[in-house]
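Below is one structure, written out as structure tokens; comments come after it.
Quick note on labels: first sequence line is chain A, next is B, and so on, each numbered from 1. The structure displayed is predicted, hence computed values, not measured ones.
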2 protein chains.
Amino acid sequence: MTTAPVSRASSRGRTRLANDAWEAALGAHTALMRRFTEDDVWAGLSMRDYDVLYTLAKCDAPQRLGDLGRHVLLSQPGLSRLVDRLVDRGLVARCADPSDARAAHLSLTDEGRAIQRRVGRAHGASVAAALTARLSDEELVLLESLSRKLSLTDDDLPEETP
Amino acid sequence: MTTAPVSRASSRGRTRLANDAWEAALGAHTALMRRFTEDDVWAGLSMRDYDVLYTLAKCDAPQRLGDLGRHVLLSQPGLSRLVDRLVDRGLVARCADPSDARAAHLSLTDEGRAIQRRVGRAHGASVAAALTARLSDEELVLLESLSRKLSLTDDDLPEETP
DNA sequence: GTTAATTACATGCGTACGCATATAATCGGC
DNA sequence: GCCGATTATATGCGTACGCATGTAATTAAC
């Protein structure tokens with residue numbers, strides 16, 4: 001039984017395509033993460049530490065914890081304590097939000113910004129080396145395009161059956 | 001200064017393309033992992049637990065720890081203890097390797113296989129739902145193709161300057 | 001205007017993780 | 001056939017994580 005008896009012939013194939021694609025994507029993520037982790041560019045930061053510093057550097061305005069949380073794959077308490085450690089190390093500053101006393105504005109210190117830049121340059125070079133060795137320019141653009149589509153929330157999707 | 005003075009005009013653009021693509025890919029990974037983690041399909045397993053059960057199910061032959069380690073993003077001690085827990089729960093069996101007394105062959109128990117199938121069906125459906133809602137068939141094939149290229153080791157790459 | 005519900009973040013607690021290292025078995029040179 | 005090097009897995013230890021819950025501030029209901 002190589003073809004299952006389904007209503008539309010394309011249906012099962014589409015499920016299979018999606019699962020194969022996801023498995024391959026996970027494999028790529030694993031392989032590249034391992035490679036980048038092994039790079040000698042991190043200056044004592046974990047990749048998650050760097051992710052937070054990078055996010056703070058990208059947005060000039062001070063960010064709240066919840067904003068960071070949307071970008072980082074980490075629980076809210078986990079992120080709270082990760083930021084704690086970065087504050088203790090002097091890389092991130094907490095300052096009060098005048099309009100909301102619950103929230104704390106987070107921003108990079110000078111040292112945090114300096115480290116983010118240093119690590120970012122080296123890591124960016126490593127990322128570029130790995131990806132450009134494997135994909136053409138057109139493929140890189142395609143990867144970005146597909147990734148953006150995959151990042152969409154359900155709310156952002158056009159409805160199938162309105 | 002919008003264009004940096006580099007030797008070849010395409011060089012900086014290519015680095016930028018690669019970094020943008022990687023950032024987008026990380027975002028997609030985060031978004032989808034969050035979505036799948038929140039699914040109510042895991043039957044008490046972590047996604048890493050499932051990853052190990054799935055890998056064991058995929059390869060009918062009993063696997064060694066090191067073989068699993070290549071597929072799972074986890075340190076060797078971490079994987080060792082993860083397997084410990086799965087053995088304690090009765091989902092995985094360790095049996096001795098007759099030809100190598102250091103290694104232990106790992107295989108699914110009947111219960112482990114049953115749970116993997118149950119969870120796999122539900123998770124596979126969720127993966128398909130998420131991906132097919134965002135990508136066309138052609139795009140799914142493309143994603144798999146790009147991911148496979150990204151999974152290649154340096155050794156597998158054609159040399160740039162032999 | 002008071003109070004319930006919600007939001008934003010922090011903390012207690014048990015578990016899982018990574019790093020360094022240990023243990024045990026196999027392999028290679030001679 | 002013996003011994004150093006290597007491979008395969010396990011363990012000690014300190015740290016980081018997620019879940020449940022707590023605390024404080026804001027919004028909403030009336």
Per side chain to side chain contact (heavy atoms under 4.5 Å, CB included), B/Val92 is matched among B/Thr109, B/Asp49, B/Leu53 by B/Leu53
Sorted by chain and residue number, the side chain to side chain donor-acceptor pair (under 3.5 Å) partners of A/Ser145 (sequence neighbours excluded) come out as none
Overall bend of the helix from C/dG1-D/dC30 to C/dC30-D/dG1 (five pairs an end, 10° steps) is 30°
Sorted by chain and residue number, the salt bridge (Lys or Arg N to Asp or Glu O under 4.0 Å) partners of B/Asp67 (sequence neighbours excluded) come out as B/Arg70
Those residues at least two apart in sequence (or on a different chain) that pass salt bridge (Lys or Arg N to Asp or Glu O under 4.0 Å) with B/Asp51 are none
Within residues 34-48 of chain A, the residues having a heavy atom closer than 4.0 Å to DNA chain C are none
| said: Before you tell me yes or no, could you show the steps for B/His105 and B/Arg64 under side chain to side chain contact (heavy atoms under 4.5 Å, CB included), namely the whole-Å CA-CA distance, both residues' side-chain angles and the distance that decides it to 0.1 Å? | reply: CA-CA 5 Å; B/His105 278 172; B/Arg64 310 168 59 149; 4.2 Å; yes
Could you check whether A/Arg64 gets within reach of a base, just the sugar-phosphate, or nothing at all, counting any heavy atom under 4.0 Å? sugar-phosphate
With sequence neighbours left out, the residues meeting side chain to side chain donor-acceptor pair (under 3.5 Å) with B/Ser75 are none
By nearest-nucleotide position on DNA chain C, the 5'-leaning member of A/Ala104 and A/Arg81 is A/Ala104
ask   = With side chains defined as the heavy atoms from C-beta onward, is the minimum distance between B/Leu45 and B/Leu91 less than 4.5 Å?
value = yes
Chi angles and distances behind the side chain to side chain contact (heavy atoms under 4.5 Å, CB included) call for B/Leu26, A/His29: CA-CA 8 Å; B/Leu26 278 182; A/His29 179 260; 4.0 Å; yes
Item to complete: Walk me through it: do A/Thr30 and B/His71 pass the test side chain to side chain contact (heavy atoms under 4.5 Å, CB included)?
Response: CA-CA 8 Å; A/Thr30 299; B/His71 294 288; over 6 Å; no
The salt bridge (Lys or Arg N to Asp or Glu O under 4.0 Å) partners of B/Arg148 (sequence neighbours excluded) come to B/Glu144
Residues passing the salt bridge (Lys or Arg N to Asp or Glu O under 4.0 Å) test with B/Arg102, sequence neighbours excluded, are B/Asp100
So the contacted stretch of DNA chain C, first to last nucleotide with an atom under 4.0 Å from a non-hydrogen atom of chain B, runs from C/dA16 to C/dT26
- Item | Base of D/dA10 paired with side chain of B/Gln76 (donor-acceptor, under 3.5 Å) | yes
Tabulate atom names and distances for all N/O pairs under 3.5 angstrom spanning the protein and nucleotides 25-28 of chain D.
from	atom 1	to	atom 2	distance (Å)
D/dT26	OP1	A/Ala101	N	3.1

Quiz: residues 110-133 of chain A side-chain donor-acceptor pairs under 3.5 angstrom, not counting sequence neighbours:
from	atom 1	to	atom 2	distance (Å)
A/Gln116	NE2	A/Tyr50	OH	3.4
A/Ser126	OG	A/Asp39	OD2	2.4
A/Thr132	OG1	A/Ala128	O	2.6

5'-most contact on DNA chain C (nearest-nucleotide basis), A/Leu65 vs B/Leu74, goes to A/Leu65
Please tabulate, for the side chains in residues 80-88 of chain B, all donor-acceptor contacts under 3.5 angstrom to protein atoms that are two or more places apart in sequence or on a different chain.
from	atom 1	to	atom 2	distance (Å)
B/Asp84	OD1	B/Arg94	NH2	2.1

